[in-house]
Structures are given as structure tokens and as C-alpha cells.
Amino acid sequence: MLREGKIRIPSGCAVSGIINRKGQVFSGIDIVDSIANMRERSNGLGGGFAAYGIYPEYRDCYAMHIFYDDIKAKEDTDYYINRNFEVNLSERIPVRKVKVIENQPIIWRYFLSPIPRRIEDVGGDEDEFMAQFVMQINAMIEGAFVASSGKNMGAFKGVGYPEDIGEFYRLDEYKAYLWTAHGRFPTNTPGWWGGAHPFTLLDWSVVHNGEISSYDTNRRFVEMYDYKCTLQTDTEVIIYLFDLLLRKIGLSLEEAVSVVAAPFWEDLDDLGPLKSRQLRNLRILYASALLNGPFSIILASGNGLMALNDRIKLRPLVAAEKDECLYVASEEAAIRAVAKDLDRVWAPRGGEAVVGLLEGKSDLLSASSSGRKIAGKCSGS
Amino acid sequence: MKKVVAIKEYCVACGLCEVYCATVHSRYPDSVLKAFKLSPQKPVSRVFLEKSEQWSGGIQCRHCKDAPCIAACITGAMYRNRDGIVLLDEERCVQCSTCVIACPYGLIKESDMGGRKVLLKCDLCYQLAESPTCVTYCPNEALIWVEEGETL
Amino acid sequence: MAISLKLPEFLVVRDKERCIECQVCVNQCANEAHIWDQDLEQVVSNDVACVNCHRCVVYCPTRALRIEEWKQDFKKNANWDGISIKQTYLQAESGGTLLIGMGNDKAYPIYWDHLLLNASQVTNPSIDPLREPIELRTYLGRKPDLLKNPSAFREELPPQLQLEVPVMFSAMSFGSVSLNTHRSLAAAASELGIYWNAGEGGLHEDLFSYSPKTIVQVASGRFGINASMLKRAGGIEIKIGQGAKPGIGGHLPGEKVEEDVSRTRRIPYGSDAISPAPHHDIYSIEDLRQLIYSLKEATAYERVVGVKVAAVHNIAAIASGIARAGADIIVLDGFRGGTGAAPLRIRDNVGLPAEFALAAVDQRLREEGIRNEVSLVIAGGIRNSADIIKAIALGADAIYIGTAALIALGCHMCQKCYTGKCNWGIATQQPDLVRRVNPKIGRERLVNLVRSWEHEMKEMLGGMGINAIESLRGNRLMLRGVGLNAKELEILGIKAAGE
Amino acid sequence: MNYVIIGNSTAAIAGVEGIREVDSQGEIVLISRETHHTYSKPLISYYLAGKVSRENMDYRPADFYARNRVKTYLGQEVTSINPETKTVHLEPEDVDLSYERLLIATGGSPIVPPVFRGDYLNLHQFYCLDDVLNLSRSLEEERPRKIAIIGGGLIGLKAAESMVLRKQHVIVIEAGPYLLGSIMDREGAALVHEHLVEQGIEFYFSRPVIQLETGARGIEGLILEDHTVVACDMVLLAAGVRAAYPPTVAGGLKTDLGILVDNYMQTSIPGIFAAGDVAQGFDMMAEVSRPVPILSGAYRQGRIAGLNMAGQKKESSGIMAFNSIPLLGLNIATAGLSTEVGDDFTPLSKTGPGKIYQKLILKENRIHGLIFVGDISRAGMYRGLMTKKADISSYRQHLLSSDFGLKYLPEEYIEEVL
């Protein structure tokens, strides 16, 4: 059977996300419990987590989680890493033996600082350098797959039920202020670790439930802007779209939302002349970026998260608040499993984004991944 | 009162108005084929396709408000019914043809029904529920059934 | 006079049992294939004159008429078939180019019929157009480079054509078609919220009220065009070529240039209207750029300027050049596109299928990163809503229909448009024939056609789980090829069925 | 408003209809010397010929009076009209009826040439229903062999036709030089004559009857001016009609050849109107006031009178004489100044094939009269052009062509018909 990248595989799923908006970190137990409560929504063929704030000691380094099928792939990748980065730490990610988890790849993590000359070679845009580097590895090196590459964050994913994956990765031992999780129900897969969610680029991570009917339109659109959709998954194209809209083009989060979940033409007229003209123009210009078909996604960055449904809400999404914590999940039960007394619970409408930002942040685009700057040395030990 | 109006801009001069008018007033109102093949005399139309090089149109009794044919009819056979339709009661008609010369448009015609002379005029197919037959079957909607004074 | 070797093409079959001698057929046949014989007191046929337009068949109130092919066998010969022999006779007698109307009728593969659409099952829901909105609105026009001009959406965009359905009526000039045909197209386009193209013959003054929904054409003859017409129009199209006759100009015979045509085209009454093969001010891509910007200047950059080209072998490079020359819309006219008159050999042997041209151009513009900046419209051989959906999935923004619109108006594809005696009142200027198109009915029929397609398109989109047409544009994963070889699949950029 | 109408024929009935178009409430009283329900006078020859039943002679359905709420005094004669008191006196009822508006529609009475004044058993009038009822009885009882008809005009020839259809031998005696002299020219009359001779009718022209031969059965022969003796055993008088004035009106109505009326059909005495054969109104073709004793004129005048009596101001543009008289299978139609031959008038005519004769009388680019014999199918269009006083100069060359029709007429005329 062909794996992701060779074939497009539709899947159903569960998603969950928790953020402490004051930036206080907490262990992975809650997020694992939350996603575990939606076991019915996945089938054991994929689970994963994204965690932000987990590597404070390496906060200025790119934390790169890579799956290797074999040692050859690692050697090839290391060659490229060493040419482009100063390697602050390179180690096997610590895992626990879990009975049902098998066929795991070699799972490695690096804390990297790019060599400034290399960034200058490609025009001096560090984010673009990183994004291109990651896409190159994924596309070029057989048997290597970058699971995450942002700063002070990481993706932990694999084939299995999400709670088993959490156990496997020892997430109880990590502390993050923002967690997202995913349980996967692919309809046709050999169970490839790279295909599990979240999918990441730079600081971005996306967990996603749904199927993007507009996939090829979106793919061919982002590919015009130097993205390589190697996985042929919706999740991949979603993250590239957001990266394009938010980072490369510089739309605000609100604008990007009204692109990917554009209002209906007939609803535009009710919004006042200026607003309706701008939304109309956005829709005209970014027609190919409309995400069509059923989805609920959680997009996260170091600054916070944003949960969003497709514009006619064909997939479930529930949000809740308790003090400084914001919860989003496919089902209310997944939130109630970890937070009993909620201040507020609501079901966002189709196309209505639920945004949870760290205090003091005004946008999802994190400082580390915005602007064209050359990275300094990593401050971690 | 609704009248049939001919729109000469769209008349295609096919003559189907005549064919269907003749049929519906024949012994076999539902079948053109039977009307023409089985009737003892060739069925006669009460609408007339007028053609010139510049225009054409199916024309028929205008059901004039101040109808000269009614005024002229010596027997009272020509009358106006409740709906304003000018009708000829064939039972009472003595075929004097005064209406023929009374009609300023020449739209009442004499016809020979097997040696018997009859006078025929448009009755707007008043016995049918739908529009007059010529309108129903005009293939280009060049005959329309509209309230008087109503234009396109 | 030497005997003509021409054979009748068709046989008029008159069922005497059914004929009532009403002469409706006589009244309707402009070719005089039906004649009333005073002496016989019956209608007789002149089969040689019959063009198989079906006017008499449709109008006969007793269904007494049928037109058959005139079956005349030649000795079996796979090389010299009857058609080839008859065409040779014709040219030996006339010494002229064979003329023909409408699009290529040869049995080249129709790629639309080798494409299959996807539909949702289980993993995502199909959308029911009767319950949920499904949007077909499309904007055609130049879009700024998103990376270079990220705040473009806050400004006024360059002019856009707003289409409620991604369908437009192709350029058909007043002269080649009748005024009532134009009236029907214009009124239908306005009612449908789409555009119609008046072709290279200007816009008749009676239709000025429709000008906001009219695209006027600037072609090599420049007929009917002046500054006020450009400003009045909703959009402008520079016509470089036409799918039915790439590389060939146009010729409207003087007989068709009656008073209205003469006034509208701004040419002398009764004079031949000749459109040269090339624009004599466009011998290169940079010349095209000058014309595009001349037209934009003339309309204060308030009008969309498109460029229509025939699909030819290096169309991808040509289209890229047109996009970079500043065109807002590129129209690709495939080799099945219709025409009022074309040399038969050109029509049947020159050009490319629209499907390939579209696939190649869309892909090329994407590779160059400029696909989003220009709109792509295809024309030539679109027959139904499925063709449209496939075209959009291959990468088109919208499509043009010409032949389909004329068929909706009554065209029976006899392909004799060039004679000027169109029995359906479409391709004619003869007043008695022009009356045969009642614009009220014409408008209704066109509106019905597009509305029925609109509904079908929504059903197909909904089936694919898509509720806005832009999410289908270039969505080639929604297509699979059947009966296509690997190279064809590669050019079309699609997978084979089952993949 | 209350209305009194004297008469029960076309003009009177049209008067009722005219009044009821405007006034559905006012009281209408209708007085007739005859006792019959309203019937059509021109139908008497058809009745005699057996082409129409007695019931079908009714000019309006049996419920006409009831439906229009008309009170009738049939078999009553008005013996005096008093405009001062606005009353009419009826006999034998011996009542006075008051009116606010009065319509005199008493019609005409047949002219009896002096030579026929006398009491002859076999001398018949041919004017009203009672005449033909009598005549019909006589024909059956007396079985005449030769019937002489005095007068070759419209009435005479219709009488002749009915007699032929009853298999009688008919002799027509016309004082003038040819038939239908009041409406027909010599050429047309010749065709009619030829046709009627073929049907077995004998004719004597240009010789009035100067003396009668009488015997036991009454008149047995007619002596003409040239002393020709025409043997006959029955005589029908059809020598014409004149206005049948009502009895003297106190104060007097102005009359000429009929009661003078204005274009609203009002007489010289306000409140009193007249219409039909008794009235003398405007002849639109001759453009003078003169009697036009035809049924359609009577109807038009009666209706106009009725409308004006009920208060709707409606002006008549005058009436036109026109006739259609099929005679034993030959169609004849005339209209307007059909016999005009003055210098200003230009005839345009066409003959054949067969008994076809068509003639238009033109003057100053207008059609003033027409005579059609044989084929009358297009006569209505020409008459329409006469009514409109249409200028025919642009299509003059097409007049009388076999395809003459709307297509030759000006746009505004076509628009009217479409």
C-alpha cells in the first residue's frame, strides 16, 4: 500500500487543544486524558500532540524532531544539518516501551542554530530558510521526515491511539502552556508515523479533523508560492496556507480566517460598504485559498491557538473557558474530562474562529518566526 | 377584455394558426390529421395569415367595441356575449353576408360547406378553457392573448 | 452547361398518408426544398435544396416529414470515401475553397468524455444544493501579485467581470448572426448576471441598454469600435484568433451588410467586411501589449481587457506571453469552436482541443507563479454542465458557449450559416428569417439552459463536497481519466481512473 | 329618467340597448303598432322562402324585454305626442304615458303608386310580417300561376327570389331602365339581370304600369306605358318606402324627407329623438342630411339616440348606406355613393371571370362608393377605407388586384388590425 505522499488518504478524527493564556505550563496528562476521551473518533492508526513551551532551556534554538526509517536516512540528513546549522544538541527522543506501539522509526531531536551565511545565501529570510530546509528534507531524503522544527515546541506523533502515543513519548514528563492533540481515523493507510498529526512548519502546528474537498485547488495555489506538498494531506496544505497568508503575505489572523472560511457572497452585503468591499476583495483575490469541505482545525503557534470550522460547520467543534485556560475539542466531553467547572462552553459557528492568545500577544504569528532576522546564538545549555 | 394580438415582428408566416384554427373548428378538433383527412369539406380557418414582403401576421376578428357587424346583422345572429366576444349564431344566420361588407377589415368570410354557404368568424375559441387555439399553437408567440391595451 | 456531378445530400421523406397539404413546410423553407405545385395541387420536394435544418420537420403539424441522408453508395474504398469524392466534385465545379459553418465535426477524441468526476462518499458529506447554498459566482479580471501587493484587498481592485454562473456567451457578431439573436443573448446575459460577447461587429444601438453586460470585441477588422463604444461596454476582448479557423481572418459578404449592420459596423452599406488574418498592428507580443494598454488607457483602466487566441501547438508559451503583456483575461478557443463561415480544411485540420490547451496553459501559468493574476476562459466545444465542471477542475475560471447557445435558440447544426439563409433565423440578415427568433422566447430558452446547467453544476459540486466554484478551479484531483494514454493523462495533469 | 320608445324594430331595439348601456335603472316603455315580438323586417323574404322559421325571425331573443326591463305596449298606436306635458296618448288603451325622453322609431311605410290604390284581393304589400303571413296564406290558397312584382329594387328582387324559391313564375316590372337603380350601375345591374333571367324571372324595364286589368280574382293583368299587357294573377307591391311619421306632434317636428335630427339623433324638440327609417340624419358619404333607410344605419342611429337619451354625449359621424343582397346564389354588395357618375368621380372597375364585377368610385384619392357583384369577399376592406376616409394614393395601383389586402395598407392601418 502506498503511504502519504504517494497517495491522498481521507480520514476522520478527533482534535483537542488547551492553552493557559497566562503562559503557565502544565504537564501533558490533561491533553492525553482529553483526547483519550474521544477514543471512538480514532482507529489506532494515528495519534499525536503538539506542545509549546517545552524547551525553555533551548528557547532560541530550532527544535527539530525527525523520524528516520533507517540509519542511512539519518546520516544523509545529518550531513545537511551539519552544513547548515550549528548543532547544540542531538539526541534520541526518550520514549517508554508501550506494548501496542510498534514499528517505530528512529526518532531524533536536534536543537539547532542556523549558520548565518547559509541564510544569507538564500536571501536572508530566516523563516523562509527554515521552511525551505524542512521541505527539502521531506522531499529529497528518502526515509527522513521532519515532524517539527519550531522553537520551544515539538510535535510528538505516531501510529497508535493517541493515549498510547502520549504514554510512548512520556508526555507526562513535559510541561507546556499550550497543548494540542489528535486522534486519527484514516480510511486507508499502512500506518506511517509521518502521516500522523499534528503537521508542523516553523512554529506552526495543525491538528485537523476533516477532509478538504478543495485540496488540489489549495495545493496548486500554495505550490505557486514555493511550498512542496510532499504528503498530499489536507493538514499539510492547511498549514502551508496559513503560513503563506500569515507569514509570507502578512494578513491578520482575522483576514486569513475570512479567506479560508470566506463568508458567502450574499452575506457580504450586510457588513457595511467598507467591510464588505474588503471581504469581497479578499475572496476574489484569494479564491484558491478557500478551504472547502468539512473541517475543524486547531492551528497553534508559540503565541497561542486558533480553532476553526469550515464555513458551514460540517464537523464538530466545541470551545470552553475556565479562568485563563481555553479549551477547544471535537466534543464537549473531551473538555469536561479534564475541566469540570467551566466558565463558559459554546459551539462556534461555521467559519467563526476561536482564538486563544498568550497574554500580551496580538497575533498568532510568533516573534521568532516573524520578520527577517538572523538568529542569535542559542541561550540554552 | 382579452384579445389576440399579432406581433408582426415575430410572425414567421408558417400558417400554423390557420391549420389549428381550422382543426379546432372542425368535426375533429383534437386531430389535425383527422380534421383534414376525414372532414367532408376541407376545414376552414377563421384566422388569416396576411403576408407581404415586409411583414406577416395572423389576423382575425377584432371584436370591435362598436362592432359594425352587429349593427349590420339583419337577423340578430351576430351578437356580443357576456365576455365581450362577438359571436355569430349559425342557427339564426341567413347568410345575407351583410357582415362581410360591414367588417372594415374583411375578417368575416364566406365558406362553402358542401354546397351550403356559411359565414365564419373568429370566436376566440371561447368554449375552450385555455387561450385561443391560434395563440396556443403559434410557434413563435407571434400571436398573444392579452388584455386590451396591454403591450409587450 | 456541363452537367453537375453534385448529388443531393438529403432526402425529404413525405408521408402522403399524413400530409394535409397545408404548405407550412413551403412557408418555412428558405431553401425552397418544398414547393407548392399549382397543377398537382400538392407540395413537392426539391431534395437537392434541402440542408437538413429540420425546420419543416419541427413545424409540420402532422409529423408527415422526415429528412434522411441521401444514401448513394460509392464503390467501397477506405481511402476515397463518399465525402472525399463529393468534395472533389464540388471543387472541380466551383474552383473555390470549401466553406463550412459551425465547429469541427470530425471524430477527433472529445477529451471531456474521457474525464470522470469525483463524488463524496462517507468520509466527507456531499452537499445538497436544495438545502445549502452553493456558490457559482466568479470574478474575471486581473488580480495583483499577492506577495508584492499584500494589501491590495484594501484598495479598489482592478476591474472585474462578475459572473453569477461561470458561463458567458461567446463572440458572435451582428452580421454573422441576426439582431434578434443578439437581442436574445443580451437579454439572457443580463437576466442571468453574466456577460455576452457582441463579437467583431459592434453593438446595435437598440442594445445599448445591455452594454454593461456586453463584452465588445476588438478584432483585426476593428468593426463597430470607437472610444465611446469601448467605454460603454462592460468588457473588451482583443480577438487574435478563433478556434474554428486559427490563422484565418473573417469575411462577411456585402449581401449581409444591410442597413443596420452597416451602421453598427461603421462600414458602407453592402460592402464586404473583411477582417484580416492578423491584426496589422500586432506582429509581435510587444505590439499586443501596446494594444492592451491603449485600450486600458482609452477606458481609464476601468474596463477589463481580455485576449482571445485560438488553441495552437505552443499555446502555453503564447498564453504566458499574453498574461505578461497585461491581459486581464486569456480566452483559449479550442478547435471545436464554432464559426459562421470557415474554410473547411482549416476548420477540420488546424488547432488543438480546448482541453489540452487549458491543461497546458493552466499548468504553465502556475509554474510561472502567475496563474492567480490572470483569468482563464475557455471556449470551443462546451456542450453541457459536466463539460463546464471538468473545464473548471482542469483550471478554467469560466467558459464561453457559442454553439450551445445557438442550439438553445433553435440551431439544428446544419452547418450552412455561411449561406445567410438560416431557416432558424439565427445566422441570417434576411428580414423574414430574422423574425423567426423571437427574442422573448430566445431569452427564455437561453436563461433556461444556463439555469438548468447552473443547477446541475451545483449538484455536481455538492456531490464533491464543494460549495463554492472557486474551490473546484484547478482541482484536478476531482478528475480521473478513462481511456487515455499515459501521455494524455500527463498533459491533462490527472490520474487515471482507479488511481 | 324614464323613456318612451315608439317602434319595435331595429332603431327602437338599438335605442333600448343604447339606454341600457348607460342607465340600468330608468324605466323604458316601448310602444308598437304591431303585436309581434321584435322581428327583423329584412327577414320577411327569407321567411317566405322557407329559409327561416318564424321563431328565428325574432331580432332579439324572447327574453329581451324582460332582461332589459322594458314595459311593452304591443298592438297600441300613439295617437298624439304632447311635448308640453311630455306625454303620449295611446289607443286603443286610451292612456297617457309621460316621458322624459322620447324616441320616435316608427320606421317607414311602403309607397303605393296611385294606379294600385284600390281594394284588390290579390294585391299584396311586401313590407312587414303581417304582409307575408297574408301572402303566404294566399299563395297556398290561391295557387297563382304568374306573380307580378312591382319594383326592381332591393325589396322587389328579394320578393322575387322568395317567389322563385317557392317555385312561382315571377315577372318583375321596373319603371326605371335597369335593376336596383338606387344602388347599382348599369353594368352591374346587367349581370344581376342575366343571373335572374337564368333563374326564370321575366323583366319589364322602363315602362311603368299605367292601368290595371281587373276581374273576379282582382288584378288579372297590368297595362304598361307602351300598352304591353302583362297577364298575372297576383301582384306584389315593392315600389319603395317612405318615412312613417307619427301622428301630429303639438308644436310640430321639423321634417324634410324624414324627421330632421342632429348628430345626437335629437329632433327639433329637445327631449324627443328619432332614429331609423323615419329619421333623416347625416349621410357620411354624401356629406349631407338625407334618409339612408338601411338596417345598420337604423341600428347605429338607435343606439346613439339611446346613449344620448340616457345622458351619455355620443356624437354620430353619420351613417353609410351599404347593402349585401345575395340573390339566388349571386352575391351583390354596394356601399356609399355607388351610383355616382359625376365628373369628379373616377370609376375603377374589373370584370370576370364569370359573373364577377367589382367597381370602386374614386374621388380625390378617396373611395366614395363601391359595387361588387359575384365575389364580395374583400368588399368590407374597401368599405372600411371609405369609413376612414382613407387616402388611397399610396396603394391606388393595388386596388382591386386579386391579392389586395392589409399588406398594401399604411402602417397605422395594419397596427389597428394586428
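Residue numbers start from 1 in every chain, and the chains themselves are labelled A, B, ... in the order their sequence lines are given, proteins ahead of strands. The structure presented is a predicted model; accordingly, all values stated were derived computationally and were not measured.
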Query raised in the report: Given Gln160(C) and Ser375(C), is the side chain to side chain donor-acceptor pair (under 3.5 Å) satisfied, shown in steps?
Result: CA-CA 10 Å; Gln160(C) 307 284 325; Ser375(C) 296; 5.4 Å; no

Please state whether the side chain, the backbone, both or neither of [X] comes within less than 4.5 Å of a heavy atom of chain A.
X	result
Leu472(C)	backbone
Glu132(C)	side chain
Glu368(C)	neither
Ile469(C)	neither

Chain C contact via [X] - which portion, at a heavy-atom distance below 4.5 Å:
X	answer
Phe221(A)	both
Leu314(A)	side chain
Leu279(A)	neither
Arg219(A)	neither
Ile312(A)	side chain

Query raised in the report: Could Glu164(C) and Arg137(C) be called an ion pair, given the rule that one side-chain N must be under 4.0 Å from one carboxylate O?
Result: yes

Report summary line: Closest non-hydrogen atoms of Ala325(C) and Ile292(C), given as atom of the first, atom of the second and distance, are O-CD1, 3.6 Å

Requested in this report: Looking only at non-hydrogen atoms, find the nearest pair between Gly350(A) and Asn309(A) and report the distance.
Outcome: CA-CB, 4.0 Å

For chain A, which candidate among [options] shows the most heavy-atom pairs at distances under 4.5 Å?
options	answer
Arg366(C), Glu135(C), Glu373(C)	Glu135(C)
Ala393(C), Ala468(C), Gly369(C), Gly395(C)	Ala468(C)
Lys143(C), Met464(C), Arg476(C), Arg473(C)	Arg476(C)
Asp362(C), Asn149(C), Leu365(C), Asn467(C)	Asn467(C)

Looking at side-chain heavy atoms only, is the closest gap between [X] and [Y] below 4.5 Å?
X	Y	result
Glu128(A)	Val122(A)	no
Ile466(C)	Met478(C)	yes
Pro125(C)	Pro294(A)	yes
Lys296(C)	Asp328(C)	yes

Query raised in the report: Which one of His455(C), Arg451(C), Glu456(C) satisfies the side chain to side chain contact (heavy atoms under 4.5 Å, CB included) criterion with Trp453(C)?
Result: Glu456(C)

Report task. Return the orientation label for the Tyr240(A) and Phe199(A) ring planes: parallel under 30°, perpendicular over 60°, tilted otherwise. Result -> perpendicular

Query raised in the report: Under a 4.5 Å heavy-atom cutoff, which of Arg280(A), Glu266(A), Glu223(A), Arg283(A) has the most pairs with chain C?
Result: Arg283(A)

Query raised in the report: Between Glu367(C) and Gln363(C), do the side chains contain an N or O donor and an N or O acceptor separated by less than 3.5 Å?
Result: yes

Query raised in the report: Do Asp363(A) and Asn303(A) meet the criterion of a side-chain donor-acceptor pair at a distance under 3.5 Å?
Result: no

Query raised in the report: Where along residues 249-263 of chain A does a heavy atom come under 4.5 Å of chain C, listed by residue number?
Result: Ile249(A), Leu251(A), Glu255(A)

Query raised in the report: Once you round to the nearest 0.5 Å, how far does CG of Leu290(A) lie from CD1 of Ile212(A)?
Result: 9.5 Å

